[in-house]
Structures are given as structure tokens and as C-alpha cells.
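Here's the structure, in C-alpha cells; my notes come after.
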Protein chains: 4
Amino acid sequence: MTTPPFEPDPAGYLYEQMASHLAQRIASGELKPNTPLRGERDLAEEYGVSLGTARHATRLLRYRGLVVTVRSKGTYVAAARRSGEPLRHQ
Amino acid sequence: MTTPPFEPDPAGYLYEQMASHLAQRIASGELKPNTPLRGERDLAEEYGVSLGTARHATRLLRYRGLVVTVRSKGTYVAAARRSGEPLRHQ
Amino acid sequence: MTTPPFEPDPAGYLYEQMASHLAQRIASGELKPNTPLRGERDLAEEYGVSLGTARHATRLLRYRGLVVTVRSKGTYVAAARRSGEPLRHQ
Amino acid sequence: MTTPPFEPDPAGYLYEQMASHLAQRIASGELKPNTPLRGERDLAEEYGVSLGTARHATRLLRYRGLVVTVRSKGTYVAAARRSGEPLRHQ
DNA sequence: GTGGTCTAGACCACT
DNA sequence: GTGGTCTAGACCACG
């Protein structure tokens, strides 16, 4: 079997690396539920990427349900939940 | 009843206007199933927006199932289908 | 808490002070027509005010026709013009 | 169809011609160290070749140490250096 | 010559 | 001082 047509290793992308790293920090408990992440500008600087890339990373975490973002307020680590439970928004 | 918390009128956004306009051109039959759209660079110029905004618009159409994009090939008007039918990829 | 005077002196507001100062820099020729102002974040830092205040100040200048702002590009010192002449955008 | 010569003359390739021409412009001082080349699309148009060919040419110059490319920023004429000296990035 | 990733900024609405 | 929209460009992988 050959590799499927492209999708050129998403793991190599900056936004994916950044999202994975943040996901790990959430999983490890370093970033706790209902606490805010640092601002996207700060995250961009911290990871040495542009604002757009940092925004791409947080969007990914949002799609994956790991964070909840509230406009003009910030992006928060999602509340822990058991599987089957609905997402609880703040 | 008051208006819900923000989401400041998506209809006003450039990418939404552009996506809606393209959707209408598809619905009207001007753009036919399985034919390619113009390239994103061309669309950006045609609509007088930046490349990023044009890309945002086509991404929206993709999410809505109106187009299918093939990397390095182009973005195609999705095949017409009856409701209930699965999406057919090229 | 004391009640404010009925019509608080607008000259006392930070945004008004800032706007006046910028207006003077334009009038003096320090800031020349068709040149961009520094970004709103930079101006806020330069004047030691919050971002909202800096924005309020530039909005005032815009209303007064001293600057023209081009979305996503920047805010420019308005071209000098005789009264009656239309605004010339860059 | 005829068989090509065993080792086709690299000097005949468009990308090699283009790379050589750019190398000469660098050597002559027309293109100065640490200044950016024109974008690959512009170069392609300027030399009347396809985008892929222009990219091939700049890649060659990169391999030869004549230019340094900074992702998403541009391709720059390499700083002049004595042999043995490390490359200095801008 | 396509879509994708990325940079480095800008202004905007809202808290 | 947040997230969101937008610009104008760059290079990259692939067909």
C-alpha cells in the first residue's frame, strides 16, 4: 500500500506543533480547566511564530474541544468532562 | 428579547459576502457542477480582496459542501445531489 | 462619590489631550500629509495611554478630517486642501 | 522519439541559464549583499519562464551559497564572506 | 499555476 | 487588552 495522496505531514506544521504542545500542557495539568490561556499575541511571541499561526493553533484546539474562546475576554481551557457529557460553556 | 452576545453581523464580512455571491452563482447554474472555479488569486483580484480573504471564502463554501477542493488542481463546484445522498468526491 | 460638573471639560480627557497634541504635530508640519501615523498600539505606548484611548483620539482626528484611515493599512495624515476641495485619498 | 544524449548539457537548461544570469548579476554587484531578490513569480515573469523553473533556479543559487532564503520573507543575496567564514543570516 | 503555510503588520468591536 | 477581520506579500509541494 502506498501513502495516500498528499496531506504533507501535518505534524510538521508550525500551527500543529504549537497546538499539540498546548494540548499536552493541558493534558498534563499545567494548564487547568477554566483558566485563561495567555493572549494570542503573547502566545505568538512565546512560540516564536506570527499572530496568524498562533490563531490557527488555538482554532485547532477549539475545534478539538480543548479550549473555549470568548470574544474580547480570552481563550479558556475547557472544563474537564466525562465522555458522553455535553460541553459546558462558561 | 435582546440580540445574542455579539457575532457582529457576519453578513457584513467580506469573506461572507464573497462566499454568498459565489454560492448564488452556483445555485443559479452560472457555475456548473464539476467545473473548476477560477484560481484563488484570480478570485481575489476579481472581488477586490486579499488572497487570505478569498481563501476564507472558498473554505466556507467547502464547509458548506458547495465546492470540493483538490490540492494543486483547483476548487470544483460540487456535484449536484439529492438530499440524503452521500457526497461524491472526484 | 462626588457628582461630576454638569458638562465636564472635554479638554481634560486624555483622548482629547492626545488628539490635540497630534493635531498640533500635524499643523506644525512634523507629521506630513500622506505619511502614515505610527500604529495605534505604538501611539498608545508612546503617549502612555490604553489602546482604547489611543483609538478614541485617532477617531477624533478622523472626524475632524485631519487624518484618513485605510482599513488594514494604516492611518494617514490627510492631504492639505483648500476648503471646498474634496478629500483626496491615497 | 529520439533518445536524449546520455548526459544532457546542464548549461542548456533554462533554470541553469537563469541561475547563471542571476549569479552574474550578483558577482557584478548589480544585486548587492543582503538585498532581497524580486519574488519568484516576478522573476519567472521577468525571465519569461514558468514558476517552477524560476524556483529551480533560485534553489540552485541557494545550494551554491549565493543567496539565503528566509521562509515567508524572501530570498536575499548572501553576504560576501571569506572562505571558512560561517554564513551570516540577516 | 494550483492550493497551503507563514510572516508582519494594520484597524475594529467589545470588555 | 482580548479575539476577529483584513491586507500584501513571501516560499513550498505538487501536478
Side-chain angles (χ1 to χ4, degrees), chain A residues 5-10 12-16 18 36-45 48-59 62 67 69-76, chain B residues 5-10 12-16 36-44 48-59 62 67 69-76, chain C residues 36-45 50-55 58-59 62 69-76, chain D residues 36-45 50-55 58-59 62 69-76:
Chain A
F6 58 75
E7 203 62 15
D9 187 16
Y13 295 147
L14 282 180
Y15 63 76
E16 181 54 51
M18 185 172 167
L37 264 53
R38 299 180 62 195
E40 293 180 328
R41 282 165 187 83
D42 282 356
L43 287 176
E45 192 170 344
V49 299
S50 78
L51 180 55
T53 299
R55 286 182 46 65
H56 198 154
T58 55
R59 191 192 312 138
R62 191 156 53 245
V67 301
T69 117
V70 182
R71 174 98 161 239
S72 301
K73 292 296 290 294
T75 296
Y76 299 84
Chain B
F6 56 74
E7 204 63 14
D9 187 15
Y13 296 148
L14 282 180
Y15 62 76
E16 180 55 51
L37 264 52
R38 298 181 62 197
E40 293 180 328
R41 282 165 186 83
D42 283 355
L43 287 177
V49 299
S50 78
L51 180 54
T53 299
R55 287 182 45 66
H56 198 154
T58 55
R59 190 192 312 138
R62 192 155 54 245
V67 300
T69 116
V70 182
R71 173 98 161 240
S72 301
K73 293 297 291 293
T75 297
Y76 299 83
Chain C
L37 264 52
R38 299 180 63 196
E40 292 181 328
R41 276 175 173 77
D42 281 358
L43 285 178
E45 192 170 344
S50 78
L51 181 54
T53 300
R55 239 179 335 235
T58 55
R59 194 187 310 136
R62 189 157 54 245
T69 119
V70 181
R71 175 68 181 273
S72 298
K73 294 302 289 295
T75 296
Y76 298 84
Chain D
L37 265 53
R38 301 181 61 195
E40 293 182 326
R41 275 177 173 76
D42 281 357
L43 285 177
E45 193 171 343
S50 78
L51 181 53
T53 299
R55 243 185 325 241
T58 54
R59 193 188 309 136
R62 190 156 54 245
T69 121
V70 181
R71 176 69 182 271
S72 298
K73 295 300 290 296
T75 296
Y76 299 84

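Each chain gets a letter, A, B and so on, in the order its sequence line appears, and its residues count up from 1.
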Looking only at the side chain of [X] (C-beta and beyond, no hydrogens), which of the listed nucleotides [options] gets closest?
X: A:S50; options: E:dC6, F:dC6, E:dG4; result: E:dC6
X: C:E40; options: E:dC11, F:dT7, E:dG3; result: E:dC11
X: A:V49; options: F:dG1, E:dG1, E:dT7; result: E:dT7
X: C:R71; options: F:dC11, E:dC6, F:dG4; result: F:dG4
X: A:R41; options: F:dC14, E:dG9, E:dC11; result: E:dC11

For this session: Determine which nucleotide pairs with F:dC14, using a 3.5 Å limit on both distances of a Watson-Crick or G-U wobble pair.
Result: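 With both distances under 3.5 Å, F:dC14 matches E:dG1.
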
d([atom1], [X]; [atom2], [N]) in whole Å:
X: C:Y76; N: E:dG9; atom1: OH; atom2: C1'; value: 11 Å
X: D:K73; N: F:dC12; atom1: NZ; atom2: C1'; value: 17 Å
X: B:L14; N: E:dC12; atom1: CG; atom2: P; value: 14 Å
X: C:R38; N: E:dA8; atom1: CZ; atom2: C1'; value: 16 Å
X: A:L51; N: E:dC11; atom1: CG; atom2: P; value: 14 Å
X: B:Y15; N: F:dG4; atom1: OH; atom2: P; value: 10 Å
X: C:R55; N: F:dG4; atom1: CZ; atom2: P; value: 15 Å
X: D:D42; N: F:dG9; atom1: CG; atom2: C1'; value: 10 Å

In Å and rounded to the nearest 0.5 Å, what is the [atom1] to [atom2] distance from [X] to [Y]?
X: B:T58; Y: B:E40; atom1: OG1; atom2: CD; value: 4.0 Å
X: C:R38; Y: C:E45; atom1: CZ; atom2: CD; value: 7.5 Å
X: A:R55; Y: A:T69; atom1: CZ; atom2: OG1; value: 8.5 Å

Exercise. Is the shortest side-chain N/O distance from A:T75 to OP1 or OP2 of F:dT2 below 4.0 Å?
Worked result: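 It does not, given that no N or O in the side chain of A:T75 lies less than 4.0 Å from OP1 or OP2 of F:dT2.
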
For this session: Starting from the 5' end of DNA chain F, give me the residue, B:G48 or A:R62, whose nearest nucleotide shows up first.
Result: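 Counting from the 5' end, the first nearest nucleotide belongs to A:R62.
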
Problem set entry | Non-hydrogen side-chain atoms of C:L43 and C:L37 separated by less than 4.5 Å |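 A side-chain contact under 4.5 Å exists here.
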
Exercise. Pick the nucleotide of DNA chain E nearest each of C:G39 and D:S72; which residue has the one closer to the 5' end?
Worked result: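 Its nearest nucleotide lies further toward 5', so the answer is D:S72.
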
For this session: Look at all strands and tell whether B:T58 reaches a base, only sugar-phosphate, or nothing, counting heavy atoms closer than 4.0 Å.
Result: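 Touches nothing.
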
Problem set entry | Minimal non-hydrogen separation, B:V49 against B:A54, with atom names |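 Closest heavy-atom pair between B:V49 and B:A54: CG2-N, 4.0 Å.
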
